[in-house]
Amino acid sequence: MKVRYFAWVRERIGKPEEEIDLPAGIATVADLMAWLSERGEEYAYAFENPKVIRAAIDRAHVRPDAGIIGAREIAFFPPMTGG
Amino acid sequence: MKVRYFAWVRERIGKPEEEIDLPAGIATVADLMAWLSERGEEYAYAFENPKVIRAAIDRAHVRPDAGIIGAREIAFFPPMTGG
Amino acid sequence: MATVRLQREPFDAASEAAQLRRGRGDIGAIVTFTGICRQDEAGAPLVAMTLEHYPDMAEAEIARHVETAEHRWPLLGVTVIHRYGRILPGEDIVLVVTAAAHRQDAFAAAEFLMDYLKTRAPFWK
Amino acid sequence: MATVRLQREPFDAASEAAQLRRGRGDIGAIVTFTGICRQDEAGAPLVAMTLEHYPDMAEAEIARHVETAEHRWPLLGVTVIHRYGRILPGEDIVLVVTAAAHRQDAFAAAEFLMDYLKTRAPFWK
């Protein structure tokens, strides 16, 4: 599964995207954020306040309780500022 | 005093403007319209329904009861259509 | 900051907008409205429209409405050009360009001026 | 009738508007909105702005909002161009052009699209 990061989420984690093999038991966007936070300081910093993080599955906005099984691309980003 | 006509008021009267020497007793825009109506068929036709005619004195909108003494230019025209 | 012009000739919307913003760093939004003579302006096919106006009065009245807009919204520039005379379908009739720091002000002022120009300005079709 | 483009390069608002109306006699109103990078975009002097976006998602989302606008107002053409990357003060950021028979529809659709683009489109400053 491809995970992409934008804006300060990307800056904190230090990379724009990565391929991730999901362990069993990670079913929702919120689960994935919690699991990512455990991967290191940079992830913990990026997801320290998960309520402000927005997510998209396959380029459509989703809520934290959305299921991620079968998703090809999940993105995390701060609230959009517009152009 | 210069009197100017626009749009169908001009078309009915058959000229865009004329110089007029006002007789005594013509004090308001409404007086002037009534007096003009007496000048011939074309004027009578133009002013047959004075309520729809708009007037301006020296290029500012005025109501029919506006005084015309001292005016340099009086204009009569139908309601504006905009551009 | 404000330009009002009545003219028989066509105008160039792009160069008017370019002139309004030239050398300025405070403008964040430019709204350009172009009114065009439609083929069926009166409901039936149109060969040409002849727009009559009251020359000095139209300029003065439009300028007065531009002033009103400038008082009502924080504008950084306004241009109004209105044509008169014979206008063919597909040709431009009227141009309003408004510049402001923020989009809402530029939109509101352009709409206000166009509402006036299309309904109460001293023009007759 | 609808064009949506995201690009790094500057755009030419005039040629986009010209393209929208070319060969048509039913368009009576064109609204062109240009959003410009201000010198003091963030309140403080700005050297340059870097606009990040989520490429495919931004295009799809903008196209969806253009469709909504087309359903809500009788439009005869819409063009949206949004730049990304490094943008200098005084440079254009975003262009919305709407064409309609009547001015109210063109204004309303342009404002609707700009409200979306400036607040909720997948861009980050």
Members of residues 53-66 of chain C whose heavy atoms come closer than 4.5 Å to chain B: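 Residues C:H53, C:Y54, C:P55, C:D56, C:M57, C:E61 are the ones that qualify, each having a heavy atom under 4.5 Å from chain B.
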
More than 12 heavy atoms of other groups within 6.0 Å of B:E41 CD: no

OH/B:Y45: more than 12 non-hydrogen atoms of other groups inside 6.0 Å: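 No, the 6.0 Å shell around OH holds no more than 12 heavy atoms from other groups.
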
Under 4.5 Å from any heavy atom of chain C - which part of B:R54: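 When you check distances to chain C, no heavy atom of B:R54 falls under 4.5 Å.
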
Chain C contact via B:A7 - side chain, backbone, both or neither, heavy atoms under 4.5 Å: both

C:T119 backbone acceptor or donor facing B:T81 side chain under 3.5 Å: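 Such a contact is absent between B:T81 side chain and C:T119 backbone.
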
Atom of C:W124, atom of B:P78 and distance for their closest heavy-atom approach: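 Answer, listing the atom of C:W124 first, then B:P78: NE1-O, 2.9 Å.
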
Summary of side chain to side chain donor-acceptor pair (under 3.5 Å) pairs that have at least one residue in residues 84-101 of chain C, sequence neighbours excluded: C:R83-C:E91, C:D92-D:R21

Listed partners of C:R120 passing salt bridge (charged side-chain N to carboxylate O under 4.0 Å, His left out), at least two apart: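 So C:R120 forms no salt bridge (charged side-chain N to carboxylate O under 4.0 Å, His left out) with any residue.
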
Sequence neighbours excluded, every pair satisfying ring pair (Phe, Tyr, Trp, His ring centres under 6.0 Å) that has a member inside residues 9-38 of chain C: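 Ring pair (Phe, Tyr, Trp, His ring centres under 6.0 Å) check on residues 9-38 of chain C returns C:F33-D:F107.
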
